[in-house]
Amino acid sequence: MASSFTRILSSKRHLGILSFVGGSVTAGFLLHREHVSAGVPVRRRYPASAEYPDLRKHNNCMASSLTPALYAKLCDKATPNGYTLDEAIQTGVDNPGHPFIKTVGMVAGDEESYEVFADLLNPIIKERHNGYDPLTMKHPTDLDSSKLQSGQFDERYVLSSRVRTGRSIRGLSLPPACTRAERREVERVVVDALAGLKDDLAGRYYSLTQMTEEEQQQLIDDHFLFDKPVSPLLTCAGMARDWPDARGIWHNNNKTFLIWINEEDHTRVISMEKGGNMKRVFERFCKGLKEVERLIQERGWEFMWNENLGYILTCPSNLGTGLRAGVHVKLPLLSKDARFSKILANLRLQKRGTGGVDTAAVGGVFDISNLDRLGQSEVQLVQTVVDGVNYLIECEKRLERGQDIKVPAPLKLFK
Amino acid sequence: MPFGATHNQMKMKYSSEAEYPDLTKHNNHMAKVLTPAMYEKLRSKETPSGFTVDDVIQTGVDNPGHPFIMTVGCVAGDEETYEVFKDLLDPIIEDRHGGYKPTDKHKTDLNSANLKGGDDLDPNYVLSSRVRTGRSVRGFCLPPHCSRGERRAVETLSIEALASLSGDLKGKYYALKNMTDAEQQQLIDDHFLFDKPVSPLLLASGMARDWPDARGIWHNDNKTFLVWVNEEDHLRVISMQKGGNMKEVFDRFCTGLTKIESLFKDRGHAFMWNEHLGYVLTCPSNLGTGLRAGVHVKLPHMSKNAKFEEVLKRMRLQKRGTGGVDTAAVGGVFDISNADRLGFSEVELVQMVVDGVRLLVDMEKRLEKGQSIDDIMPAQK
């Protein structure tokens with residue numbers, strides 16, 4: 001960072017400031033730097049030390065990694081689209097976090113963010129994804145659902161099964177940074193491709209701006225409709241701009257394959273059904289994803305993906321597979337056992353209430369899903385859920401019979 | 001967002017039609033004025049600090065408005081916004097401020113001696129009196145667009161200037177992020193503390209970024225003069241006290257404001273002002289004087305009278321609940337204030353409030369006695 005202070009007389013706005021230089025030191029030093037980096041200049045009038053955010057009350061991954069030195073190194077950089085560090089970290093600055101939940105605190109505005117801001121994102125990725133090192137490790141992608149073993153659960157316990165992920169369209173900015181035209185282009189590209197799906201995948205698109213009241217009510221009843229984000233984690237990142245322009249929901253006629261367009265990511269892809277046939281849910285998931293990929297490739301587009309980070313999504317927590325495979329499962333006895341949390345942790349599973357993240361369980365029914373996203377393949381993660389949920393059901397049955405249960409050994413990460 | 005103007009050039013590779021916002025369901029001033037042709041003309045421009053037309057209108061795009069209330073739907077990111085985007089802002093200003101033309105001149109008058117009366121509002125009816133305005137420090141970007149460094153610089157300048165106030169204006173600054181629990185509770189009890197904005201109108205424009213960094217409240221020891229730093233504007237200045245002595249409130253307001261302005265000038269900073277728009281603030285609705293002079297007044301009979309709205313309209317006044325804008329009146333107590341901001345001077349606006357409230361109280365007293373108010377209905381001001 002430059003330590004000399006340059007007088008710029010090119011704009012009358014700066015003259016007002018420069019006349020103040022003789023005054024208070026604490027008002028900051030005045031500096032005009034045009035710093036070309038990643039092909040784009042970023043104008044700054046104050047040195048990095050005057051711009052560095054106050055993170056003393058913060059508890060998120062960004063705050064843990066963003067030292068003043070790192071901020072100074074990155075603050076003048078921008079991606080080719082013009083996305084800056086300040087924009088990427090805004091959500092983490094605005095949301096200090098929770099003492100118990102460590103949020104990520106940063107988003108990507110485009111694919112290049114992961115490159116241009118790698119010095120900050122890599123340690124964040126490491127912290128969030130169990131020590132995964134993007135510089136040295138490769139992420140396995142495997143959407144061959146035939147490899148999944150024993151994916152049929154006991155339906156006296158498992159009420160529903162679901163797999164979700166996200167996909168981004170290469171060449172278009174991500175939701176925090178996209179312009180209206182880009183967002184509309186994402187919608188056009190994806191809707192166009194989805195129109196090519198056939199048979200059990202054939203379906204229809206419902207644009208949020210044009211939905212009728214009946215359509216809206218039906219989508220709510222089906223638990224498909226997503227709303228404008230209210231979480232400040234998302235709104236502070238700029239993802240809700242221009243709502244509901246270019247947002248919509250596509251689903252197949254059978255209501256088992258669903259795609260959200262331009263919510264938190266370009267697309268969120270969901271396969272789900274009632275009951276415990278995770279195998280079939282995953283089969284449809286893989287088939288649908290591959291079909292959609294083929295259809296957009298036919299039209300000259302592709303998904304954002306690279307061999308270190310896997311599929312690129314808006315939030316660093318969703319890198320790799322972006323996959324969350326989960327069930328709604330009845331575990332009234334096990335959930336009251338003191339060892340429940342430890343069992344889940346060792347199985348690399350997490351629990352949520354059936355309303356989704358941050359809700360409480362009702363009637364002993366839990367949403368159980370994989371903790372991990374990056375460093376293991378889709379097949380591996382769904383297998384983890386299958387094996388883990390089967391183990392949990394076994395425990396529940398044993399407790400029903402008055403038998404004791406065992407805490408399993410912790411699973412290895414990065415197989 | 002600050003300094004992201006390169007993003008604007010990237011946008012130019014898409015056509016204007018592809019970028020033009022969908023305003024079909026919108027009802028705000030921006031949506032009424034921003035045609036596709038105007039958007040095409042303005043989209044390639046930016047202010048010297050990089051504020052673009054999309055930045056100006058984001059809040060209006062994100063908040064379609066209300067069928068009954070016409071919101072402005074745009075904000076300024078710096079002083080130059082009003083010049084660079086005048087094609088958009090001039091018609092909005094004209095519509096919002098009663099036909100104020102791009103060639104009109106605005107008169108500033110902060111000589112409170114010019115106010116006639118105002119020390120005579122009946123305290124049995126007028127519970128409290130208050131005058132507020134805003135000021136922007138020239139050379140710094142406004143809350144929707146400022147960087148953390150700029151916002152902190154505005155705070156530092158303000159703290160220094162306010163620390164020089166003396167006499168009955170002597171006071172203390174409370175930074176939002178350093179406040180103790182006890183200080184916070186006291187400020188809440190005094191009705192001084194402002195919170196992080198929750199209105200989507202404000203949030204969508206980016207004003208709440210980095211909260212509570214560089215935000216704070218200054219007030220004098222007597223608790224009658226108050227300055228908010230870096231909330232919706234650089235500075236909001238408030239003079240208030242219990243009772244109906246609006247003259248005293250306005251005297252203190254003018255003295256304090258004039259003193260603060262000279263303290264800033266001593267340090268090399270002027271307030272944003274020009275002879276067309278008066279004082280320049282973040283929201284176009286606050287241009288000119290930025291002044292809202294108001295009272296909390298008991299009007300249980302008058303407010304139920306069929307002529308209440310007509311009297312307010314003719315006196316150029318507006319009513320609100322005592323919780324502020326968009327709240328309902330409780331117990332027949334209303335917040336009555338001037339409806340105008342631009343095209344009238346500070347003295348003229350406070351005079352309207354003083355004259356108007358005096359009349360409303362007279363009408364209330366008549367109605368209490370069962371008498372008619374027809375013969376004292378005012379003419380349109």
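None of the values given here were measured: they were computed from a predicted structure. Letters A, B, ... are given to chains in the order of the sequence lines, protein chains preceding strands, and every chain is numbered from 1.
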Any side-chain to backbone donor/acceptor pair from A:Glu51 onto B:Gly149? Under 3.5 Å, distance only. yes
Counting only non-hydrogen atoms closer than 4.5 Å, does B:Glu19 touch chain A with its backbone (N, CA, C, O), its side chain (CB onward), both, or neither? both
Identify which part of A:Arg183 has an atom lying under 4.5 Å from any heavy atom of chain B, answering side chain, backbone, both or neither. neither
B:Ala270 versus chain A, heavy atoms under 4.5 Å apart: side chain, backbone, both or neither? neither
Quick check on B:Ile57 against chain A: is it the side chain, the backbone, both or neither that has a heavy atom closer than 4.5 Å? side chain
Is there side-chain contact between B:Leu89 and B:Glu83, with heavy atoms separated by less than 4.5 Å? no
Interchain contact, A:Arg241 with chain B, by part (heavy-atom threshold 4.5 Å): both
When only pairs under 4.5 Å are counted, which of A:Thr209, A:Val93, A:Thr179 shares the most heavy-atom pairs with chain B? A:Thr179
Indicate yes or no: does B:Glu150 engage A:Arg45 in a salt bridge with an N to O separation below 4.0 Å. yes
N/O donor-acceptor pair under 3.5 Å between B:Thr282 side chain and B:Glu232 backbone: yes
Using heavy-atom distances under 4.5 Å, tell me whether B:Asp213 contacts chain A through its side chain, its backbone, both, or neither. side chain
Please tell me whether B:Phe140 and B:His269 form a close aromatic pair, meaning their ring centres lie under 6.0 Å apart. yes
With a 4.5 angstrom heavy-atom cut-off, is it the side chain or the backbone of B:Lys25 that approaches chain A, or both, or neither? side chain
Measure distances from A:Ile89 to the heavy atoms of chain B and classify the residue's part below 4.5 Å as side chain, backbone, both or neither. side chain
Report yes or no: is the cationic atom of B:Arg135 (NZ for Lys, CZ for Arg) closer than 6.0 Å to the six-membered ring centre of B:Tyr279, at no more than 45° off its axis? yes
Is chain B contacted by the side chain of A:Thr235, its backbone, both, or neither, given a heavy-atom distance below 4.5 Å? neither
Student check: side-chain heavy atoms of B:Leu187 and B:Met179 closer than 4.5 Å: yes
Donor-acceptor pair, distance only, cut-off 3.5 Å: does the side chain of B:Asn230 make one with the backbone of B:Arg151? yes
So what's closer than 4.5 Å to chain A heavy atoms on B:Glu155: side chain, backbone, both or neither? neither
